[in-house]
Amino acid sequence: MGNYNFQQIEKKWQKYWKGNRSFVAEKKSDLPKYYVLDMFPYPSGAGLHVGHPLGYIATDIIARYKRQKGFNVLHPMGYDAFGLPAEQYALKTGIHPAETTQKNTVRYQEQMEMLGFYHDPDTAFRTSDPDYYKWTQWVFMKMFNHWYDKKIEKARLITELEAHFEAEGSKGIVAATAYSGSFTAEEWKGYSPKEKGDILMAYRIAYTDQITVNWCPGLGTVLADAEVKDGRSERGNFPVERKLMKQWMLRITAYSDRLLADLEKLEWSDAVKSMQKNWIGRSEGASIVYDVDGVDDQLEVFTTRPDTIYGNTFMVVAPEHPIIEKICTVEQKEEVDKYIDWAVNRSERDRIADTKKTGVWTGGYAIHPLNGTKLPIWISDYVVITYGTGAIMAVPAHDQRDFEFAHKFDIRIIEVISGGDLSKEAYISKDGIMVNSDFVNGMTAREAIPLVVKKFEEIGRGTGRVTYKQRDVVWSRQRYWGEPTPIYYKDEVAYSIDESELPLVLPDVESYKPSETGEPPLSRAGDWVNYPGGGTRDLNTMPGWAGSSWYFFRYPDPFNEQELVDPSIEKYWLPVDLYVGGTEHAVLHLMYARFWTKFMYDIGVVSVEEPFTKLVNQGKIQGVSKLAFRDNESGEFVSADLISEEEKDKYTEIHVNISLVQDHSLDTEGYMKWTRQEGLVFKTNAEGEFKTISRAEKMSKSLYNTVAPDVICEQYGADTLRMFEMFLGPIEMEKPWSTESINGVFTFLKKIHNLYFDQEGNSLVTEGEPTVEELKFLHQTIKKTEEGIDRLAFNVCIPAFMVFEKELKRLKCRKRAILEPFAVIMSPFAPHMCEELWESMGHKESILEATFPTWEAELIKEQQIEYPVQINGKVRFKLSVDADMSKELVEEKALADPNAQKWLEGKSPRKIIVVPGRIVNIVL
RNA sequence: GCGGAUGUGGUGAAAUUGGUAGACACGCUAGAUUUAGGAUCUAGUGCCGCGAGGCGUGGGGGUUCGAGUCCCUUCAUCCGCACCA
């Protein structure tokens, strides 16, 4: 057998689809729309490996299926093209990142085409195209020109704020801002342009601020908190230091509440939702203001447990807290300075690794707001300046950290909630009963919380408050390969450029390095840095997140020069119905995309508040690495089967290229050639083989375990690869790549080919009327396929096809009425082959135009049902009855059955359960 | 520590609302066939047992006529966050 010439077939249909622009969506249509989206890739130089297409195959299947179901389908694929690798390559080689990006994009496109994907070719833009980033800059400018009004929970024009200041001063404004001053209209009018500019800046949604940032000297740029892992950069693994710098920020915190609340509306996994919730980190509590003994300043703390106020025996402030210098006594000064110096210079990494409590007393006291006792104020780095107010009321009896601290420094512990064992640990439950607590004694802690807050509000000592872990996001990078910031400065005041000047095109520079003075690469852009008409340009570029924060709005209308997106088109297409991508973007990208969407909604550019209705995180396909053992002392390589478990630590594991390994045996000659090393010693086993071990881990070039889809396509074809990847298991799950079982799918496709064609390639399809049995099997298969696709369980569709193929073979059925719909339902999975089958059956149109058949419930209904009959929970025999027989009749028939009589032996059963269509259970 | 997920044969995995656990595929075993190749076809394959039969969805307990599925508890693995007040 085997004239399944997949190479020829696949080439033919890929050319056909391309030539006919088969996958271009109608911009607007009376048809219902379906918008399915992949997280667009960064086009890296390495090209795709077999792990990448997993999600793309899934979305491709959905896209083709939905089209056959009568939807107008948009399945776009563009490129997230700004980013570090191209720039670092440019630093090394001098090749312009645009050139590298262009080359890599073409390679990606070829590979995707090879896999037969349904991607709208009009959407293949790059975020680095000026026509695209024009709108990235445009949104940024809008953020610069808006502030967030907390009263109506909406972004508003900054000019409206100015007008308000002009008329009434700062009174009556409730905004998301760090500005805490107040002024009258008269005062405002008297301010200099710089003073006004500074105040307005503190309100803008895109604003600059002098902040402590994660400065990464190795990369020459600042990084977002999330881009830093254990004190090192996530990319490149360079050390990161804390440094005070002026940076662009986006006021995402203004949206924290909405970002949190709207999670409820989304069909996202609990895992991602909880990661987002965690990141926003909302907590409800109270802020309480303490007087400080002998000083005018007050100390404000945030707590989630105001109920424990009477257990408060000391205060702790972060080492950076400004109050320290005011309250620190002369006697304590030296010790305090020493501690602060140590704590501040301690690396993030050490601080996390070491959870032992450290600290020092300032010498000062705070006054308990309810009972007036003096509470010593301590400094410790277990309190961080960036959360809450950077100061806490310590309640050692009911907070584990305070408990440890109090024990170490021998501070008083007062129990105020009974029920715990304070000799061992703090008692943190809210269900205990309050004691030693004046007016809340006797109630539970949970009940006490609102009463204590109320009390503080009455005496003007505090208020109920909500805090968030989330902080504003740093939105500037001192890099070249990104969107230039559309801002210029004149007399130290920032202005946005005019909309007509967009796009602000990234200028060429002769070197991509930062300048000698540490300024960004754009400082080398010659005259570009001067804004025409006076002033100088901002030299920062935006982070990689910028382009990906809104790209899904551009796909429906990618060539629009007048608007970011035509509102009527946007209304038709958005939101995205299904978004598929990896978990690595669970927090940052998805958070920023949601934030930008909400902002754009506020200013009326888009009609949706949430961009992605349903999100699916595809599990990555892991690589299977091959490792050889090398003796640490002798440097000899030793076959893995010669090494016992205990000896393993005497050897180093070396990743070897998986193509050099067959059946765990390493081609040692090949290895030496590959590593360009000669005379290596390999200790082989008794059979003369050198064994390696396998390990599933991330598929990565550096671990030499990548498998290119090109190789698989050449050997088995794209249809086999697609089906195989879907067959491996549920798309959400992580699984190691194994080529071993691919043959099963390949054989199946060959069988399908043989079902439709003879050896010479002539069609075997016959014209007879299908039998009821044949139709029944067909419709069962359609049903399974439809249900499988609807819940993205592609791994159950393919077995259904396999079973059906066997069934057809058994029935010797090659009837058109059966084989035609069969080709249609399989076509999303193996599109090339099914097109070929479709054509061979005399169709002129592409199989894409064929309607996905609907299963007919009547047809698959059984005439006779075979009930398993249980006696006391065990199946004892089978009972065949008419499908429409009533429960009572089934019961009667079951009891009358000789098999049942055998078990009953004349006794009458206690109970009989008949579940229609399922089972009969007789209980004795 | 907190949060989220996952535990089913030798392997990847199936199993609508609780209703014959292990579909389908890989692998393995036996056989057939061939121009012998890692091709193709047929049969078998959860475990124990010669057998009837018994036991089986990480462990323990519960609800139910009936539990992979629901509840409680415990263990293991993976992921995320982490002195968050």
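None of these values were measured; they are calculated from a predicted model. In what follows, chains carry the letters A, B, and so on, assigned in the order in which the sequence lines appear, proteins first and then strands, with residues in each chain numbered from 1.
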Gap in Å between the two P atoms, one belonging to B:C65 and one to B:A82, rounded: 49 Å
A:P730 side-chain proximity, nearest of B:A14, B:G19, B:G12: B:A14
Pairwise P distance, B:A23 and B:U74 [rounded to whole Å]: 35 Å
Nearest-neighbour nucleotide for the A:I919 side chain, B:U20, B:A14, B:G4 considered: B:U20
Residue mapping more 5' on RNA chain B - nearest nucleotide basis, A:K911 or A:T303: A:K911
Sugar-phosphate only, base, or nothing, as touched by A:K277 at under 4.0 Å among non-hydrogen atoms: nothing
Touch class at under 4.0 angstrom, heavy-atom based, for A:N795 against every strand present: sugar-phosphate
Sugar-phosphate, base or nothing in reach of A:V915, heavy atoms under 4.0 Å: base
Sugar-phosphate only, base, or nothing, as touched by A:Q400 at under 4.0 Å among non-hydrogen atoms: nothing
Toward the 5' end of RNA chain B, by each residue's nearest nucleotide, A:I913 or A:A391: A:I913
A:E786 side chain reached by A:W855 side chain, heavy atoms, under 4.5 Å: yes
Check: A:L859 and A:K776 side chains under 4.5 Å, non-hydrogen atoms: no
Gap between atoms NZ and C1', on A:K809 and B:U42 respectively (whole Å): 12 Å
Torsion-based syn/anti label for B:G68, 90° from 0 as limit: anti
Length of the line joining A:K620:NZ and B:C78:P, which is rounded to integer Å: 16 Å
Whole-Å C1' distance, B:G38 and B:A43: 22 Å
Close aromatic pair by centroid cut-off 6.0 Å: A:F724 and A:Y716: no
Gap in Å between the two P atoms, one belonging to B:G19 and one to B:G1, rounded: 36 Å
Sugar-phosphate only, base, or nothing, as touched by A:P736 at under 4.0 Å among non-hydrogen atoms: nothing
Cation over ring face, A:K357 and A:Y382, 6.0 Å, 45°: yes
Axial cation check for A:W268 ring with A:R594, 6.0 Å and 45° limits: yes
